[in-house]
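None of these values were measured; they are calculated from a predicted model. Side chains are part of it too, since the values below use all heavy atoms of this structure and drop only hydrogens, waters and symmetry mates. Both counts, for ligands and for their atoms, begin at 1 and track the order of listing.
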Amino acid sequence: MKKISVVIPCYNEEKNINNLYLELDEVSKEMKKVTFEIIFVDDGSYDDSLKIIKKLAKKDKRVRFISFSRNFGKEAGMYAGLKYSTGDYVTIMDCDLQDPPELINDMYISLENSECDAVALYSPIHKDYGLFRNFFTKCFYRLYELVTSSKYVPGERDCRLMKRRMVNAILELHETNRYTKGIFSYVGFNVYWMKYDIPNRYDGRSKFSLFKLFKYAINGIVAFSTTPLVISAFIGLIFCFISFIAILFIIFKTLILGDPTSGWPSLACIIIFMGGIQLFFLGIFGLYLSKMYSEIKRRPMYIINETEKDL
Ligand code: UDP
Ligand code: MG
């Protein structure tokens, strides 16, 4: 019998865990041809999430868990869950029921009846986000596609049912600064896209503040593209060219008209402008350097505190 592993990263989701479990249990009863393994990855929650997960693990042997020693972020949670999974098929699922468990059956049927290696969910409009965040997300993914030349499906979720070989390929990428959507696209394989209407969060609020999202966006671009470096070199070249022309112009004007250049305000503006541009690009170099620095240190992506084996 084939096994499906459901990987669920959770961070302070005490009000959602039981409901998600109940829905997954329902789905598992309907899907008689497969067995289930439910892996909760507790990402350093400080509410009762871990307690609830432990209770479920004691009651139901299909429930397994990893608890981190602190909050390491959803990306680390997904990697840890995928690594811990043993199923022939693996799906990642948010804990807030925004990836409805009943879709596992539809994804499984699509996967079985096609040559695909994964069935991924996408929902073009995210009602939970509000106008500003939807706009920001759209702009980011446009920019991401442009600078990384990789394909992005508008509204794509991390939730997807994958065959083991795709999961193994993802696990081969050990980078600490992870951007899993980019990794999904990097490893390739045949993906079938399944559209659905994303429901609102069951309980609580999104764990991603605008600042966290901004960091996530920068990380995504730096992890999968060096185009910003090329752009900065290119702009540097253009400015060199402009300044060369300007110098020729001033020399020529002084020789012909004998007119020393007047007007320090314009000069001050140019210096400030150039200084700003230099600092901006220095910042971009710094970003790449800092990512390299953190990769070189080879610190673990996460630290495990407990698993169901410790119960
Ligand atoms: N999550 C996590 N660690 C974090 C932040 C979030 O494991 O540091 C989990 C969270 O519990 C949820 C999933 O990642 O199961 C998605 O988070 P959220 O619903 O807040 O994101 P959104 O749907 O707003 O993008
Ligand atoms: Mg959510």
Side-chain angles (χ1 to χ4, degrees), residues 5-21 23-24 38-53 56 63 65-85 90-101 103-104 120-138 140-141 144 152-160 176-181 184 196-217 219-220 301-306:
S5 303
V6 186
V7 170
I8 310 156
C10 348
Y11 180 50
N12 296 336
E13 303 279 9
E14 59 183 6
K15 300 241 171 69
N16 294 323
I17 292 167
N18 271 323
N19 292 302
L20 176 62
Y21 168 76
E23 288 206 15
L24 282 169
I38 303 170
I39 301 172
F40 286 100
V41 184
D42 176 53
D43 186 14
S45 303
Y46 50 81
D47 65 357
D48 279 340
S49 297
L50 185 59
K51 250 194 215 164
I52 297 167
I53 293 169
L56 290 175
V63 176
F65 74 89
I66 302 171
S67 91
F68 288 170
S69 60
R70 65 167 172 85
N71 179 247
F72 281 90
K74 184 187 176 188
E75 297 290 317
M78 288 193 283
Y79 182 85
L82 292 181
K83 202 166 169 196
Y84 207 52
S85 67
V90 186
T91 176
I92 298 169
M93 196 155 260
D94 282 3
C95 198
D96 54 7
L97 289 146
Q98 287 195 299
D99 305 318
L103 289 182
I104 295 179
L121 295 184
Y122 75 100
S123 172
I125 293 169
H126 208 308
K127 289 175 250 163
D128 229 12
Y129 278 6
L131 267 178
F132 186 66
R133 190 171 155 178
N134 265 320
F135 175 73
F136 175 78
T137 310
K138 237 187 208 159
F140 162 66
Y141 284 118
Y144 180 80
Y152 167 76
V153 176
E156 80 171 72
R157 307 275 303 156
D158 287 324
C159 178
R160 55 200 69 205
T176 334
N177 294 294
R178 294 183 83 73
Y179 177 66
T180 304
K181 283 197 182 74
F184 286 144
Y196 82 117
D197 264 337
I198 189 168
N200 283 344
R201 213 171 204 286
Y202 186 80
D203 185 85
R205 295 180 60 192
S206 171
K207 305 290 183 292
F208 289 89
S209 61
L210 264 182
F211 178 65
K212 246 184 162 182
L213 271 184
F214 183 69
K215 266 178 63 184
Y216 177 68
N219 196 34
M301 223 179 287
Y302 52 85
I303 295 167
I304 295 179
N305 185 20
E306 252 183 303

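- With hydrogens left out, the protein atom closest to atom 14 (O) of ligand 1 is K74 CD, 3.3 Å, a heavy atom.
- Within the listing of ligand 1, atoms 18 (P), 19 (O), 20 (O) sit less than 4.0 angstrom from a heavy atom of R201.
- Between the Mg ion (ligand 2) and S206 there is no N/O/S contact shorter than 2.8 Å.
- Note on D96: counted as a metal contact of the Mg ion (ligand 2), an N/O/S atom lying under 2.8 Å.
- By the 4.0 Å heavy-atom criterion, G77 is excluded from the residues contacting ligand 1.
- In terms of protein heavy-atom proximity, atom 24 (O) of ligand 1 is nearest to S206 OG, 2.6 Å.
- Residues Y202 and E23 have side chains not in contact (no heavy-atom distance under 4.5 Å, counting atoms from C-beta outward).
- Taking the six-membered ring for Trp, Y144 and Y179 have ring centres closer than 6.0 Å.
- Interface atoms of ligand 1 facing F208, defined by a heavy-atom separation under 4.0 Å, are 6 (C), 17 (O), 20 (O), 21 (O).
- Heavy atoms of K212 found under 4.0 angstrom from ligand 1 belong exclusively to the side chain.
- In summary, the atoms of ligand 1 found under 4.0 Å from a heavy atom of G73, numbered by their order in the structure, are 3 (N), 8 (O).
- Of all the atoms in ligand 1, the ones that sit under 4.0 Å from a non-hydrogen atom of D43 are 2 (C), 3 (N), 4 (C), 7 (O), 8 (O).
- In summary, K207 and E13 engage in a salt bridge, as defined by a charged side-chain N under 4.0 Å from a carboxylate O.
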>> Could you walk me through whether K74 and D94 satisfy the salt bridge (Lys or Arg N to Asp or Glu O under 4.0 Å) test, starting with their C-alpha distance in whole Å, then the side-chain angles of each, then the deciding distance to 0.1 Å, before giving a yes or no?
In response: CA-CA 10 Å; K74 184 187 176 188; D94 282 3; 3.0 Å; yes
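- Annotation for ligand 1: atoms under 4.0 Å from non-hydrogen atoms of K207 are 5 (C), 6 (C), 18 (P), 20 (O).
- Relative to the ring axis of F68, R70 does not place its NZ or CZ within 45° and under 6.0 Å from the centre.
- F40 has its side chain within reach of L56: a pair of non-hydrogen atoms, C-beta onward, lies under 4.5 Å apart.
- Of the protein's heavy atoms, P9 O, 3.6 Å lies nearest to atom 9 (C) of ligand 1.
- The shortest distance between side-chain heavy atoms of R160 and I92 does not fall below 4.5 Å.
- Residue E13 approaches ligand 1 through these ligand atoms, each under 4.0 Å from one of its heavy atoms: 10 (C), 11 (O), 12 (C), 15 (O).
- Ring geometry, Y141 versus Y152: the interplanar angle falls under 30°, so the pair is classed parallel (tilted spans 30 to 60°).
- For ligand 1, the polar-atom distance check against R157 finds no nitrogen or oxygen pair separated by under 3.5 Å.
- The main-chain N or O of D197 is never found under 3.5 Å from a side-chain atom of S123 such that the two would form a donor-acceptor pair.
- Numbered from 1 in the order shown, with element, the atoms of ligand 1 that lie under 4.0 Å from a heavy atom of Q98 read 23 (O).
- For the residue pair E75/T180, the side-chain donor-acceptor check at 3.5 Å is satisfied.
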